**Q** 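The structure that follows is given in the form of structure tokens.
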Amino acid sequence: MMKKYTIGIDYGTLSGRVVLVDVENGEEICYSVLEYKHAVMDKYLPDSKERLASETALQHPQDYLDVLKTAIPEVLRTGNVSKEQVIGIGVDFTSCTVLPVDKDGTPLCFKEEFKNRPHAYVKLWKHHAAQSEADLFNEVAHRRGEKFMARYGGRMSSEWVVPKAMQILHEDEEIYQAMDRFMEAGDWVVMMLVGEEKRSLCQAGYKAVWSKRDGYPDKEFFAQLDPEMENFVEEKLSNHIYATTDLAGYLTESAAELTGLAEGTPVAVANIDAHVALPAVRITEPGKMLMIMGTSTCHIMMSKEEHFIPGVGGVVEDGVVPGYYAYEAGQACVGDHFDWLVNNCVSSSYEKEAAEKGISIHQLLEEKVRDQLPGESGLIALDWWNGNRSILTDADLSGLLLGATLQTKPEEIYRALVEATAYGTRIIIEAFEEGGVPIEELYAAGGIARKSELTMQIYADVTNKEIRISASKQAPALGAALFGAVAAGAGRGGYDTIEEASEHMSRLQDKVYIPNADNVRRYDELFKEYKLLHDYFGKGGNNVMKRLKSIKNDAMRAKR
Ligand SMILES: Nc1ncnc2c1ncn2[C@@H]1O[C@H](COP(=O)(O)OP(=O)(O)O)[C@@H](O)[C@H]1O
Ligand SMILES: O=C(CO)[C@@H](O)[C@@H](O)COP(=O)(O)O
């Protein structure tokens, strides 16, 4: 009998990955990665010399189409699979990554008249320039006693849909008026595949204040954000929401031509990169928290009940597996934290040494501090070098390194940054547990979980929990392929439920990171110090970080 496959497409921060997966057993036959040509535009638009505003992070939607056009045919070729053997497609995307489009779905930045306007482009999840809009949102919501805020930990993030839309309205009203839809990029890609918009419950729920029970906030609330936004939902968002286990539609003729796949192939409703990964690491039930550790970290877990946890990014009914409430928390910079050090604080002698050993600088730094005891360097850091997403939810917070001396070495700072992210995760875990959502097991996926043994051992020691690791190098892409199998359904050789798909197609590594009792004790001491700094700088004890941010913004404005 002809073997059957599904395709998972995972759109990350810098690249799109396509994986071809055997539906019977989840074997990843091959994958293809395309780096985005325009990467993250945080300084200039293409062909422009005008400096973008601080905290801007834009993308070009052409890069997403290029992934479809090059990476899908490549996996078919490499895997030696015919298009008829591909029975389903799933798509996941970093989120909240949003773009303004016209009524035909054409991104406004594709239009000649808007191509030099920053607000016509995709706003990437880590676009943090809408903090003042998020502050206004929070103020209005709290003044009105909006109940929906409880589902978002009590604070709206500047990363999400409404503050980003408010920023467009405030800074370029013509673009706001010209956009027919403000779409999640994942929904936009699915629309490019099936020819119509099928708005994802996962994206609407976590990023656009929608819930299955209450829908969106009312018009009066939006009007108080800005009178122009009174009809924001009706005018700029789709109110038809679909579960991620739903079929979005079938590949259109033009999409078939673009991708080399067969017209009529079933496509799943879009998903978020973090959430889609749970079934790919065998998580389809409560009690297990997955950390997807890459550029940033997302923490996702499920519960039978809905709990409102201060500072936890969102709780959404059916957010991952139908029938459960799924929670999302996150840290806005984890791998980016380590990359910052590697790119800015390491001398050429380290580069030479790494090249001679045939390892990356990350690996070299790790090797140099592997045998240090917790606390040996005398350093401690706060992990807010890209703001704080949980549980303080404030993009204006910034990083801190304490304890540096003339003896401090780059590798020690590297380890302190890794430890800071682990403490940040422990803060999140404790918030869940105090909020009535117990975490029995930790799981990890993403580049760091597979690449860095030291990081994973530090996380096990800091949290005092065992950690299991995804067997897949591309858990989100594999997860998307699982949802593709559900879109196909058992009738076409896929599965009828995501639980069944997970049972057959997911895998874990044999390796488990076990906490080291001595390190656990030492980290307990250090964590107390971290918590002190966390609360002092993050909970109003000292607002110096916010003041510095506003001084910086003034200076940047003066220079522009
Ligand atoms: N050996 C390593 N140890 C720790 N972190 C690493 C190592 N190698 C790469 N990284 C980090 O991994 C991050 C990329 O993770 P990855 O999951 O591949 O990407 P993404 O988040 O874009 O999907 C980078 O930010 C980098 O700092
Ligand atoms: O915020 C979410 C999911 O809600 C992520 O998409 C975002 O952190 C980006 O993830 P990556 O670091 O690119 O894997």
Side-chain angles (χ1 to χ4, degrees), residues 10-17 31 33 35-36 39-40 57 59 92-98 124-128 152 157-161 184-186 200 202-203 205-208 270-278 290-300 312-314 316 319-320 326-344 346 354 359-370 385-387 389-390 393 411 414-415 417-418 421-422 444-459 470 472-477 479:
D10 166 45
Y11 285 94
T13 300
L14 291 171
S15 60
R17 293 153 247 214
Y31 63 88
V33 182
E35 301 290 327
Y36 304 142
V40 179
Q59 291 205 313
D92 72 80
F93 223 106
T94 65
S95 180
C96 169
T97 298
V98 260
L124 183 62
W125 63 272
K126 65 173 170 179
H127 173 91
H128 282 160
Y152 300 93
S157 162
S158 69
E159 289 183 13
W160 295 355
V161 170
E184 282 278 350
S200 157
C202 188
Q203 291 168 337
Y206 288 100
K207 312 294 172 174
N271 222 310
I272 300 181
D273 55 358
H275 306 67
V276 78
L278 268 80
L290 174 63
M291 307 179 286
I292 303 96
M293 303 172 65
T295 310
S296 62
T297 291
C298 286
H299 310 75
I300 315 281
V312 161
V316 173
V320 173
Y327 298 78
E328 169 180 354
Q331 289 169 275
C333 102
V334 176
D336 260 359
H337 212 195
F338 315 156
D339 273 348
W340 172 82
L341 183 112
V342 166
N343 296 331
N344 295 286
V346 165
I359 57 179
S360 69
I361 304 218
H362 290 82
Q363 286 167 317
L364 179 72
L365 295 169
E366 178 167 332
E367 199 180 279
K368 286 180 185 288
V369 284
R370 186 171 292 139
W385 301 47
N386 190 19
R389 194 194 274 177
S390 304
T393 322
E411 54 270 30
Y414 183 83
R415 183 170 171 139
L417 297 183
V418 171
T421 65
I448 295 174
R450 295 180 53 88
K451 285 181 209 155
S452 176
E453 292 197 357
L454 178 67
T455 304
M456 297 323 300
Q457 188 58 50
I458 288 174
Y459 272 59
S470 159
S472 170
K473 277 193 191 147
Q474 313 278 354

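Counting convention: from 1, in listed order, for ligands and their atoms alike. What you are looking at is a predicted structure, and each value in this text was computed from that prediction instead of being measured.
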**Q** Does an N or O from Gln363, backbone or side chain, lie closer than 3.5 Å to an N or O of ligand 1?
**A** no
**Q** Report, in ascending order of atom number, the atoms of ligand 2 lying under 4.0 Å from any heavy atom of Lys207.
**A** 1 (O), 3 (C), 4 (O)
**Q** Would you check the N or O atoms of Thr295, main chain and side chain alike, for any that come under 3.5 Å of an N or O of ligand 1?
**A** yes
**Q** Any side-chain heavy-atom pair from Glu411 and Glu367 closer than 4.5 angstrom?
**A** no
**Q** Check Tyr414 against ligand 1 and report side chain, backbone, both or neither, counting heavy atoms closer than 4.0 Å.
**A** side chain
**Q** Can you tell me if Leu14 has a non-hydrogen atom under 4.0 Å from ligand 1?
**A** no
**Q** Below 4.0 Å, non-hydrogen atoms only: which portion of Asp273 touches ligand 2? Side chain, backbone, both or neither.
**A** side chain
**Q** Using non-hydrogen atoms of the residue, decide whether Glu159 is closer than 4.0 angstrom to ligand 2.
**A** no
**Q** Give the residue, atom name and distance (to 0.1 Å) of the protein heavy atom nearest atom 24 (C) of ligand 1.
**A** Asp339 OD2, 3.4 Å
**Q** What atoms in ligand 2 come closer than 4.0 Å to a heavy atom of Thr295?
**A** 12 (O)
**Q** Where the closest heavy atom to atom 2 (C) of ligand 2 is concerned, which of Ala332, Ser95, Ala329 has it?
**A** Ser95
**Q** What closest approach, in Å, do Gln59 and Val40 show between heavy atoms, and which atom pair accounts for it?
**A** NE2-CG2, 4.0 Å
**Q** Testing the 3.5 Å rule here: is there a donor-acceptor pair between the side chains of His127 and Glu159?
**A** no
**Q** For ligand 1, which is the ligand I care about here, please tell me if His362 has any N or O atom under 3.5 Å from one of the ligand's N or O atoms.
**A** yes
**Q** Which heavy-atom pair separates Pro476 from Asp92 by the least distance, and what is that distance?
**A** O-OD2, 3.1 Å
**Q** Nearest non-hydrogen atom to atom 12 (O) of ligand 1 belongs to which of Val342, Asn343, Ile448, Ile361?
**A** Ile448
**Q** Taking all non-hydrogen atoms of both residues, which atom of Cys333 and which atom of Trp385 are closest, and how far apart?
**A** SG-CB, 3.9 Å
**Q** Listed by chain and number, what are the side-chain hydrogen bond (donor to acceptor under 3.5 Å, both in side chains) partners of Thr97, not counting sequence neighbours?
**A** Thr94
**Q** What atoms in ligand 2 come closer than 4.0 Å to a heavy atom of Glu328?
**A** 1 (O), 3 (C), 4 (O)
**Q** Among His337, Arg450, Lys451, which one puts a heavy atom closest to atom 8 (N) of ligand 1?
**A** Lys451
**Q** Would the number of heavy atoms belonging to other residues, nucleotides or ligands and lying under 6.0 Å from NZ of Lys368 be above 12?
**A** yes
**Q** Check each atom of ligand 2 against the heavy atoms of Ile272 and keep those under 4.0 Å away; list them by number with element.
**A** 3 (C), 4 (O)
**Q** Looking at atom 3 (N) of ligand 1, what's its closest protein heavy atom, distance included?
**A** Ser452 CB, 3.2 Å
**Q** Are any of the N/O atoms in Gly447 less than 3.5 Å from those in ligand 1?
**A** yes
**Q** Check this for me - ligand 2, Ser296, N or O atoms closer than 3.5 angstrom, yes or no?
**A** yes
**Q** Kindly give the heavy-atom pair with the smallest separation between Gly313 and Ser390, and that separation in Å.
**A** N-OG, 4.2 Å
**Q** Taking 4.0 angstrom as the limit and counting only heavy atoms of Cys298, give me the atoms of ligand 2 inside it, by number and element.
**A** 1 (O), 2 (C), 3 (C), 5 (C), 8 (O)
**Q** May I ask whether Gly335 has any heavy atom positioned less than 4.0 angstrom from an atom of ligand 1?
**A** yes
**Q** Can you tell whether the side chains of Glu328 and Lys207 come within less than 4.0 Å, N to carboxylate O?
**A** yes
**Q** Where do Asp273 and Tyr11 land on the side chain to side chain contact (heavy atoms under 4.5 Å, CB included) test, with the steps shown first?
**A** CA-CA 8 Å; Asp273 55 358; Tyr11 285 94; over 6 Å; no
**Q** Applying a 4.0 Å heavy-atom criterion (strictly less than), which segment of Lys126 is in contact with ligand 2: side chain, backbone, both, or neither?
**A** neither
**Q** Over 60° means perpendicular and under 30° means parallel, so classify the ring planes of Tyr152 and Trp160, tilted if in between.
**A** perpendicular
**Q** Could you name the option among Val276, Ile292, Thr13, Asp10 that has the heavy atom nearest to atom 13 (O) of ligand 2?
**A** Thr13
**Q** Can you list the residues that meet the side-chain hydrogen bond (donor to acceptor under 3.5 Å, both in side chains) rule with Glu35, with sequence neighbours excluded?
**A** none
**Q** Does any N/O atom on Thr94 come nearer than 3.5 Å to any N/O atom on ligand 2?
**A** no
**Q** Which ligand 1 atoms does Asp336 reach within 4.0 Å, using its non-hydrogen atoms?
**A** 25 (O)
**Q** Return the closest protein heavy atom for atom 15 (O) of ligand 1 as residue, atom name and distance.
**A** Gly294 CA, 3.4 Å
**Q** Other residues, nucleotides and ligands only: do more than 12 of their heavy atoms fall within 6.0 Å of CD on Glu453?
**A** no
**Q** What part of Arg389, side chain from CB on, backbone N/CA/C/O, both or neither, has a heavy atom under 4.0 Å from ligand 2?
**A** side chain
**Q** Run the contact test for Tyr206 against ligand 2 with a 4.0 Å cut-off on heavy atoms, strictly below, and give the result.
**A** no
**Q** Would Arg17 count as being in polar contact with ligand 1, using the rule that some N or O on each side must be under 3.5 angstrom apart?
**A** yes
**Q** Let me know which of Thr13, Asp336, Thr295 forms a side-chain hydrogen bond (donor to acceptor under 3.5 Å, both in side chains) with Lys126.
**A** Asp336
**Q** Using the six-membered ring wherever Trp is involved, compare the ring planes of Tyr414 and His362 and label them parallel, tilted or perpendicular (cut-offs 30° and 60°).
**A** perpendicular
**Q** Check step by step if side-chain hydrogen bond (donor to acceptor under 3.5 Å, both in side chains) holds for Ser200 and Glu184.
**A** CA-CA 9 Å; Ser200 157; Glu184 282 278 350; over 6 Å; no
